[in-house]
Amino acid sequence: MRSPLLPIFLIVLVDVLGFTIVIPLLALYAEKFDATPLIATTLVSVYAVCSLISTPIIGNLSDRYGRKPLLLISQAGTCLGFIVLGISTHLWMVFAGRTIDGITAGNLSTAQAYISDHTPPEKRAQAFGIIGIAFGIGFMFGPGLGGVLGEYGMHVPFLVSAGLSALSMVCTYTILPRELPPQNPEAATGPGGRRPSAFDFATYAEYFRRPGLGSVYVRFFLFTFAFSAFTSGFALFAEQRFQWHAQDTGYLFTYAGFLGIILQGGLIGRLVKKFGEAALGLAGFLACAVGYVLLGFAETVTFLVITATINSFGNGVLRPVLTSQITQKVGRHEQGVALGISGSLSSLAMTMAPPSGGVLLKAHSTLGWALVPAGVALIGLVASLIARYSPRHEGQV
């Protein structure tokens, strides 16, 4: 059987491109239908709530019926969601499009499970790096492309994203290798293992009680909350502060994506080797806190680019470092559950964060909006310091 890595790379790349194309447009698109900044930012929350519930269900169904069929269903939902967004004539249709995409979410987790099924354990970490590269390329080119397409009509990027999702389905159907028989879910190992449901509180409590693991989960939640508050409201912030359009926002996200590729394309490994994950985690939260504070006071484009550079370092460091620490706190056979919990925490943060900033943007308080992620990143920095230097947590960072 041929390797699934190239097909998975192409599938994830096309999916991520479709998603990132709409990043600089979504909130501005909602404003077109007279949505307030608060309502516009909750579009992210609606998707996150749906995916929090649906992704574990899709994952468990893929354990039972195979990865490829469920991946196709998830991609079809994404495609339909983008079509509904592209043809929307009322605000409720915009929310309907995000809901459809959310209740069929699971493209990435199913692709991860496919790799886990078809890759030997000793090659699995390297294989998952393929997904990281696809994400980096997508985030580099997608937002800028979305901004350019938006100049031809706000609905155009959504229809293009729908076309990319359809192309991803074609790739899945035609070039993804035939699957092995479905694994026994209880024997699943690595990041493709089973993800606990949103209401499996006993499993969440068990893992949060693990020595050092609960602390990492808290920091992962704080990182995701700050990042989601920033990404969900930045287009509205830039519109109010700089009178930017979607194209301008897309270019800035493209710059940040370029920095992310440099950082995660090899530099992060050297930094970890030289300074260690704990020190990098501290530096990441510090950079985010400083970057978000400076963002609140940015009055020129040059200053804005400087803040984007600082934030790109912080965000680019924190996700891989915190994810790595989570996997190191559990056995290999538990990594699927452990990373599934981090995914649920990410969805929860994406649900809560956007409205927290949307309230302030509704009041045209751009400084207050920037201080929300700054304050959360600062709490993350304090939590990291406690985890590293408190005798109670010694050796648990």
Side-chain angles (χ1 to χ4, degrees), residues 4-29 43-44 47 51 71-72 74-86 97-98 100-102 104-112 114-115 128-176 227 231-232 234-235 246-265 312 315-316 319 350:
L5 294 186
L6 178 59
I8 287 291
F9 172 80
L10 294 174
I11 289 164
V12 173
L13 175 60
V14 173
D15 276 343
V16 173
L17 274 173
F19 168 71
T20 54
I21 280 175
V22 306
I23 285 179
L25 292 162
L26 196 57
L28 300 177
Y29 190 60
L43 282 170
V44 176
Y47 174 87
S51 65
L71 184 57
L72 285 167
S74 182
Q75 291 168 324
T78 297
C79 181
L80 179 59
F82 281 139
I83 290 174
V84 172
L85 283 167
R98 296 304 289 157
I100 292 170
D101 194 3
T104 57
N107 305 23
L108 177 60
S109 61
T110 306
Q112 286 179 323
Y114 191 100
I115 288 180
F128 279 100
I130 296 294
I131 290 182
I133 294 172
F135 259 82
I137 295 174
F139 270 90
M140 180 176 173
F141 293 103
L145 179 59
V148 171
L149 292 172
E151 295 297 306
Y152 298 94
M154 290 288 282
H155 65 289
V156 172
F158 299 101
L159 296 179
V160 170
S161 293
L164 287 171
S165 294
L167 176 61
S168 183
M169 291 174 63
V170 172
C171 291
T172 299
Y173 185 78
T174 58
I175 68 176
L176 197 63
F227 183 71
T231 54
S232 63
F234 179 77
Q247 187 173 10
D248 305 307
T249 301
Y251 288 152
L252 189 72
F253 275 112
T254 296
Y255 170 70
F258 171 71
L259 295 180
I261 288 179
I262 293 176
L263 183 62
Q264 298 188 39
S312 293
N315 291 318
R319 184 177 293 277
M350 291 172 62

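Along the sequence shown, the residues carry numbers beginning at 1. As the structure is a prediction and not an experimental result, all values here were calculated from the model.
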So which atom in [X] and which in [Y] form the shortest heavy-atom distance, rounded to 0.1 Å?
X    : Y    : answer
G138 : V16  : CA-CG1, 3.7 Å
A105 : Y47  : CB-OH, 3.7 Å
G86  : H155 : O-CB, 3.2 Å
L72  : M169 : CD2-O, 3.6 Å
P7   : I175 : CG-O, 3.4 Å
G77  : I100 : O-CG2, 3.6 Å

Point to revise | Sequence-distant partners of A246, side chain to side chain contact (heavy atoms under 4.5 Å, CB included), two or more places apart | key: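 Result, side chain to side chain contact (heavy atoms under 4.5 Å, CB included) vs A246: L25, L28.
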
Just by distance, do the side chain of [X] and the backbone of [Y] share a donor-acceptor pair under 3.5 Å?
X    : Y    : value
T254 : G144 : yes
Y29  : L85  : yes
S74  : T104 : yes

**Study point:** Neighbour count >12 (heavy atoms, 6.0 Å) for atom OH, Y255
**Key:**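 Enclosed: over 12 neighbouring heavy atoms sit under 6.0 Å from OH of Y255.
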
[X] [atom1] to [Y] [atom2] distance, which is reported to the nearest 0.5 Å:
X    : Y    : atom1 : atom2 : result
C171 : L13  : SG    : CG    : 9.5 Å
L167 : S161 : CG    : OG    : 12.0 Å
F139 : L259 : CZ    : CG    : 14.0 Å
T172 : L10  : OG1   : CG    : 10.0 Å

Going by atom type alone, with no hydrogens or angles, which donor-acceptor pairs under 3.5 Å involve a side-chain atom of residues 145-152 and a protein atom two or more places apart or on another chain?
none

Exercise for review: Please report the C-alpha distance between F253 and T20 in whole Å, then the side-chain angles of each, then the deciding distance to 0.1 Å, and finally whether the side chain to side chain contact (heavy atoms under 4.5 Å, CB included) criterion is met.
Suggested key: CA-CA 9 Å; F253 275 112; T20 54; over 6 Å; no

Exercise for review: Compare all side-chain heavy atoms of V84 with those of F158 and state whether any distance is below 4.5 angstrom.
Suggested key: no

**Study point:** Side chains of I137 and F9 in contact at under 4.5 Å (non-hydrogen atoms)
**Key:**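 A side-chain contact exists here, since the closest heavy-atom pair is under 4.5 Å.
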
Check your understanding: Of the options D15, T78, L159, L17, which is the one that meets L164 in a side-chain contact (heavy atoms from CB on, under 4.5 Å)?
Key -> L17

